[in-house]
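Before any comments, here is the structure.
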Amino acid sequence: MDVLFELSEFFKFFGDTTRIRIIHLMLSGEISVNDIAEKLNLEQSVVSHQLRILRTANLVKPRRDGRKMFYSLDDEHIGLIFNTGLTHILHKKGK
């Protein structure tokens, strides 16, 4: 049962629109915090907070280049989970 609890906790991280939007951007590859903030029209502090949550959940991984931080999906499973959920939603909408 412990594994099912962990799975439940894992899916909670997908329950926030801002985090989903960030993950969606990362499907294309690594992206800087500044670029995420710009593309999503969010304050950098908001983006940093959400990235900290995603990093703690092992959904994204950071890379520092000088003063800039870049983030990418932790592994291919995150993209698969995202795309599977999106495919299901679009299927139910008839698209």
Side-chain angles (χ1 to χ4, degrees):
M1 274 315 232
D2 290 336
V3 173
L4 295 180
F5 175 78
E6 288 180 38
L7 181 62
S8 172
E9 292 297 307
F10 172 79
F11 277 113
K12 287 180 183 179
F13 294 104
F14 288 88
D16 179 88
T17 304
T18 301
R19 290 193 292 266
I20 287 293
R21 293 171 67 206
I22 291 170
I23 290 170
H24 182 250
L25 284 177
M26 289 182 192
L27 291 174
S28 300
E30 185 179 71
I31 187 167
S32 73
V33 175
N34 292 339
D35 287 344
I36 294 170
E38 184 180 309
K39 289 178 185 288
L40 298 182
N41 196 30
L42 295 170
E43 295 292 324
Q44 187 173 340
S45 61
V46 171
V47 172
S48 293
H49 173 71
Q50 294 301 332
L51 286 169
R52 195 166 29 260
I53 292 169
L54 291 169
R55 190 175 65 235
T56 301
N58 295 314
L59 297 180
V60 301
K61 58 186 173 188
R63 180 182 69 82
R64 180 178 295 279
D65 185 6
R67 293 181 52 141
K68 290 184 95 173
M69 288 296 291
F70 294 85
Y71 283 84
S72 60
L73 298 178
D74 188 66
D75 62 36
E76 69 278 359
H77 298 113
I78 308 308
L80 288 171
I81 292 164
F82 180 94
N83 285 324
T84 299
L86 182 59
T87 299
H88 174 72
I89 297 298
L90 294 174
H91 171 76
K92 290 299 181 181
K93 288 185 167 271
K95 295 185 178 187

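Since the structure is predicted, the reported quantities are computational estimates derived from the model, not experimental observations.
- Between the CD1 atom in Ile23 and the CG atom in Leu86 there is a gap of 12.5 Å [rounded to 0.5 Å].
- At least one side-chain heavy atom of Leu51 sits less than 4.5 Å from a side-chain heavy atom of Ile36.
- A distance-only check finds no donor-acceptor pair linking the side chain of Arg55 to the backbone of Pro62 [under 3.5 Å].
- For the side chain to side chain donor-acceptor pair (under 3.5 Å) condition, the pairs that include at least one residue of residues 57-69, sequence neighbours left out, are Glu30-Arg63.
- Listed by first and then second residue, the side chain to side chain donor-acceptor pair (under 3.5 Å) pairs that reach into residues 78-88 come to none, sequence neighbours excluded.
- The shortest side-chain heavy-atom distance between Tyr71 and Leu54 does not fall under the 4.5 Å cut-off.
- Taking the ring pair (Phe, Tyr, Trp, His ring centres under 6.0 Å) definition, one finds that Phe11 meets it with nothing, sequence neighbours left out.
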Can you list, pair by pair, the side-chain donor-acceptor contacts under 3.5 Å of residues 12-20, counting residues two or more places apart and other chains?
residue, atom, partner, partner atom, Å
Lys12, NZ, Glu9, OE2, 2.8
Asp16, OD2, Thr18, N, 3.0
Asp16, OD2, Arg19, N, 3.0
Arg19, NE, Phe13, O, 3.0
Arg19, NH1, Gln50, OE1, 2.9

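- The structure places CG of Leu59 at 12.0 Å from OG of Ser72, a figure rounded to the nearest 0.5 Å.
- Within the model, atoms CD1 of Ile31 and CG of Leu73 stand 11.0 Å from one another, a figure rounded to the nearest 0.5 Å.
- Phe70 and Leu27 fall into different hydrophobic clusters, where Ile, Leu, Val, Met, Phe, Trp and Tyr are joined by side-chain heavy atoms under 4.5 Å apart, directly or via other members.
- Applying the ring pair (Phe, Tyr, Trp, His ring centres under 6.0 Å) definition to pairs two or more places apart or across chains, those involving residues 24-55 are His24-Phe82.
- The salt bridge (Lys or Arg N to Asp or Glu O under 4.0 Å) contacts involving residues 39-49 comprise nothing, where partners must be two or more places apart or lie in separate chains.
- Interatomic distance, Leu80 CG to Asp75 CG, rounded to the nearest 0.5 Å: 8.5 Å.
- Between Ala37 and Val47 the shortest heavy-atom distance is CA-CG2, 3.7 Å.
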